[in-house]
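Here the structure is a predicted model, which means the values were calculated and not measured.
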Amino acid sequence: MSYQIPHQDMMFLIKDVFKFEQLFRDVDDFSDFDTELYSAILEEAGKFASEVLKPINQSGDEEGCSYDNGVVATPKGFKQAYQAFVEAGWQSLTASPEFGGQGLPKALHVLVEEAFYATNTSFCLYGSLTAGAYHLLQAHADEEIKSTYLPKMISGEWSGSMCLTEAHAGSDLGLIKTKAEPKNDGSYCISGSKIFITGGEHDMAENIIHLVLARLPNAPAGPKGISLFLVPKFTLNLDGSTGDRNGVTCGSIEHKMGIKASSTCVMNFDNAKGYLIGGEHQGLRCMFTMMNLERLSIGVQGVGLGEMAYQQANDYAHDRLQGRSKGHEGTSPIIKHGDVQRMLNSMQAFNQAGRALAVWLGSYLDIAHHSKDVENINDANAMAAFLTPVAKAFFTDMGYEVCTTGQQCFGGHGYVKEWGMEQHVRDARIAQIYEGTNGIQALDLVGRKLVANKGAYLNLLLKIIRNDLQNFADSDLKNQLNHKLEELEQLSKAIIDRADAEIQQLIACDYLHYTALVIYAYLWLKMVANLNNESNVFAKEKIVLADFFYKRLLSRTLGLKASIESELNE
């Protein structure tokens with residue numbers, strides 16, 4: 001089954017809902033970009049996704065990566081696809097023009113990534129980690145490191161990896177044991193082992209730049225004693241060319257449930273030469289630049305796989321004849337059956353709201369990094385901080401749900417390999433786990449982003465939404481949303497007042513889902529309010545989906561609220 005990038009919906013978000021040209025009017029870095037360019041880029045992304053990435057997705061899953069004495073080979077076709085990927089400029093899309101990037105908005109890039117995740121999640125991960133790595137270096141490295149490493153990472157000649165996790169230290173990075181010993185030439189010797197390293201070793205790029213968390217001698221215990229180091233697979237000669245193999249090797253690769261064409265490596269550092277990034281004991285602060293970008297990217301993985309699952313389920317539902325429906329002679333396509341319509345509507349209601357939130361969050365990251373207005377930057381940073389855990393966790397929770405719903409539409413055929421649906425389910429499952437499990441995201445939302453600042457981020461979110469609502473016509477949906485906003489505000493105040501760590505842990509996931517559903521309700525209303533012609537097919541479908549979301553999916557907040565209050569009131 002083919003993939004079609006949802007170009008019309010994406011351009012609706014760019015032109016009518018978030019109004020990029022108006023939104024970025026005062027952002028000089030984006031002054032040369034316009035709607036026509038954004039549209040052309042998305043069209044090309046759709047072609048690349050459907051013509052280059054999708055044809056090697058299922059075969060890549062079946063073959064997987066192979067490991068032989070430290071050497072990792074990607075599946076057939078991946079090296080050629082990677083060359084096409086970098087030659088087309090996809091790796092450099094949001095990177096700084098100063099180092100060879102195109103400097104396009106993150107709010108556009110999330111839509112490109114959606115298409116790539118939809119058609120080949122394993123492949124997309126390689127480029128995602130590289131982009132996160134060069135953005136980290138762009139933000140925290142010194143000028144010599146930037147000029148040496150960024151151009152080749154941005155071009156895709158070199159790739160990047162993020163080396164955090166150790167066998168004994170999963171989410172608790174304060175427990176890491178990897179060591180860094182200073183040398184007389186200003187470099188460091190890095191020794192230790194990391195696990196679950198995406199793209200830690202592969203055969204597609206000539207060098208891999210590892211960003212490694214480690215401890216200096218006599219460093220403080222816990223997270224405050226962590227530093228960050230750049231450790232290349234191959235050291236560089238004085239002229240910048242690739243030199244000798246560094247003391248970093250792949251010990252093995254994981255055999256996984258999904259994303260089998262993505263190399264997930266055990267990486268061993270044995271007196272590897274590294275360079276300090278961002279100052280001593282500043283490792284976590286620097287790494288969060290990359291981690292937050294990766295959390296949005298992994299969230300988009302859920303949206304992309306959900307869209308792919310929807311397209312395949314929708315096509316199948318129109319073709320598959322089973323049973324009889326009212327008003328239809330003979331055997332009916334299953335799209336005529338109410339339960340199938342319910343499943344497809346649920347899938348699209350979550351997919352399209354998730355896409356809107358990805359663009360909204362992306363726009364705040366753009367303003368935070370490119371605006372010159374201090375107040376706008378501060379507000380954008382606050383909104384990005386609050387929305388990032390919501391997006392990562394809810395996109396991936398719903399992405400997995402949507403994929404399993406799509407599989408259900410296929411009946412028995414969804415359970416066998418030929419149709420590809422079971423691969424989507426397997427590939428989607430990991431997104432709830434890596435880049436910080438969704439439980440960790442929920443704890444971050446409640447503990448750091450709500451309670452720690454006594455609701456300041458939430459109050460900004462509510463202010464922005466309520467100000468926007470003044471532009472919308474009165475309607476039953478608007479009344480429902482106002483009620484939910486008041487409910488969210490009161491529920492949040494109750495959590496802040498009962499800032500008990502144990503209670504926070506018990507209600508965190510429910511609170512994140514509740515918050516996400518209210519944000520989705522706002523975005524559905526915003527989309528409907530910005531329809532230009534309510535009589536065309538696109539607009540009619542939007543209105544139907546918005547109504548479905550409010551009637552059938554927003555009601556999930558009732559159970560979530562009751563669950564949260566049952567803990568708060570004990």
Side-chain angles (χ1 to χ4, degrees), residues 13 16-20 22-27 106-107 292 296 353-354 356-391 393-394 441-442 444-475 477-497 499 511-530 546 549-550 554 557 560-561 564:
L13 295 174
D16 301 312
V17 179
F18 297 105
K19 302 176 176 61
F20 277 22
Q22 179 180 328
L23 178 67
F24 298 136
R25 182 177 51 211
D26 299 324
V27 180
K106 183 64 180 176
N292 284 331
L296 173 56
L357 177 52
V359 173
W360 196 31
L361 174 51
S363 73
Y364 281 121
L365 292 171
D366 288 324
I367 292 167
H369 290 103
H370 296 277
S371 177
K372 294 179 181 176
D373 185 304
V374 174
E375 184 177 351
N376 286 345
I377 291 171
N378 290 338
D379 285 352
N381 276 320
M383 287 293 287
F386 189 83
L387 292 175
T388 294
V390 175
F394 200 68
Q441 302 304 312
D444 176 53
L445 176 68
V446 173
R448 292 193 182 100
K449 310 301 172 55
L450 178 68
V451 174
N453 61 32
K454 300 190 183 302
Y457 291 170
L458 174 70
N459 291 338
L460 177 61
L461 172 73
L462 294 172
K463 177 183 175 182
I464 289 170
I465 292 176
R466 284 167 172 158
N467 285 343
D468 201 20
L469 287 180
Q470 295 178 21
N471 302 314
F472 302 166
D474 291 338
S475 67
L477 298 189
K478 183 177 176 179
N479 291 337
Q480 288 187 58
L481 178 56
N482 275 320
H483 172 69
K484 287 298 173 186
L485 292 171
E486 291 173 8
E487 203 170 72
L488 174 60
E489 188 172 25
Q490 294 305 312
L491 199 58
S492 301
K493 286 179 179 177
I495 293 170
I496 293 168
D497 290 341
Y511 179 80
L512 187 146
H513 275 229
Y514 186 98
T515 303
L517 287 165
V518 174
I519 292 171
Y520 274 28
Y522 158 65
L523 291 169
W524 268 115
L525 190 59
K526 186 176 180 67
M527 286 188 280
V528 169
N530 283 285
F549 180 85
Y550 271 80
L554 186 58
T557 56
L560 294 167
K561 179 173 180 287
I564 293 167

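You'll find the side chain of Phe472 stays beyond 4.5 Å of the side chain of Val528, heavy atoms only. Between Leu387 and Ile519, the closest side-chain pair of non-hydrogen atoms falls below 4.5 Å. A 4.5 Å side-chain heavy-atom check between Leu450 and Leu445 finds every atom pair outside the cut-off. Counting only heavy atoms from C-beta outward, the side chains of Ile564 and Leu491 approach each other to under 4.5 Å. Here the side chains of Leu461 and Tyr522 are not in contact, with every heavy-atom distance at 4.5 Å or above.
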Intermediate values then yes/no, side chain to side chain contact (heavy atoms under 4.5 Å, CB included), Leu517 and Leu560: CA-CA 10 Å; Leu517 287 165; Leu560 294 167; 3.8 Å; yes
Full working for side chain to side chain contact (heavy atoms under 4.5 Å, CB included) between Leu477 and Gln480: CA-CA 5 Å; Leu477 298 189; Gln480 288 187 58; 3.9 Å; yes
Verdict with reasoning, Leu525 to Leu469, per side chain to side chain contact (heavy atoms under 4.5 Å, CB included): CA-CA 9 Å; Leu525 190 59; Leu469 287 180; 3.7 Å; yes
Leu488 vs Tyr511, side chain to side chain contact (heavy atoms under 4.5 Å, CB included): CA-CA, chis, key distance, verdict: CA-CA 9 Å; Leu488 174 60; Tyr511 179 80; 4.0 Å; yes
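When all heavy atoms of Ala384 and Leu361 are compared, the closest pair comes out as CA-CD1, 3.7 Å. Here the closest heavy-atom approach between residue Ser363 and residue Ala107 is recorded as N-CB, 3.7 Å. Here the closest non-hydrogen pair linking Pro389 and Asp444 is CG-OD2, 3.6 Å. In terms of heavy-atom proximity, Ala442 sits nearest to Leu512 at CA-CD1, 3.7 Å. The shortest non-hydrogen separation linking Tyr514 to Lys561 is CE1-CB, 4.0 Å. In plain terms, the two heavy atoms of Gln441 and Ala393 that are nearest each other are CB-CB, 3.9 Å.
Of the inter-residue distances, the one linking Glu489 atom CD with Leu462 atom CG reads 5.5 Å to the nearest 0.5 angstrom. Separating the CG atom in Asn376 from the NE2 atom in His370 is a distance of 14.0 Å, to the nearest 0.5 Å. For the atom pair Leu523 CG and Phe18 CZ, the distance stands at 5.5 Å (nearest 0.5 Å). Rounded to the nearest 0.5 Å, atoms NZ (Lys484) and CG (Leu554) are 5.5 Å apart. Between Tyr364 atom OH and Ile377 atom CD1 the span is 14.5 Å, to the nearest 0.5 Å. Distance CG/Leu481 to CD1/Ile465: 7.0 Å, rounded to 0.5 Å.
Using cut-offs of 30° and 60° for the angle between ring planes, the Tyr520 and Phe394 rings count as perpendicular.
Using modelled atom types, one side-chain atom of Tyr550 and one backbone atom of Ala521 make a donor-acceptor pair closer than 3.5 Å. The main-chain N or O of Asp16 is found under 3.5 Å from a side-chain atom of Lys19 such that the two form a donor-acceptor pair. Panel note: side chain Thr388, backbone Ala385; no donor-acceptor pair is recorded below 3.5 Å. Side-chain atoms of Asp366 come within 3.5 Å of backbone N or O of Lys106 as a donor-acceptor pair. In this structure, the side chain of Lys454 does not engage the main chain of Ile496 through any donor-acceptor pair within 3.5 Å.
For Arg466, the CZ atom sits in a packed shell: over 12 heavy atoms of surrounding residues, nucleotides or ligands are nearer than 6.0 Å.
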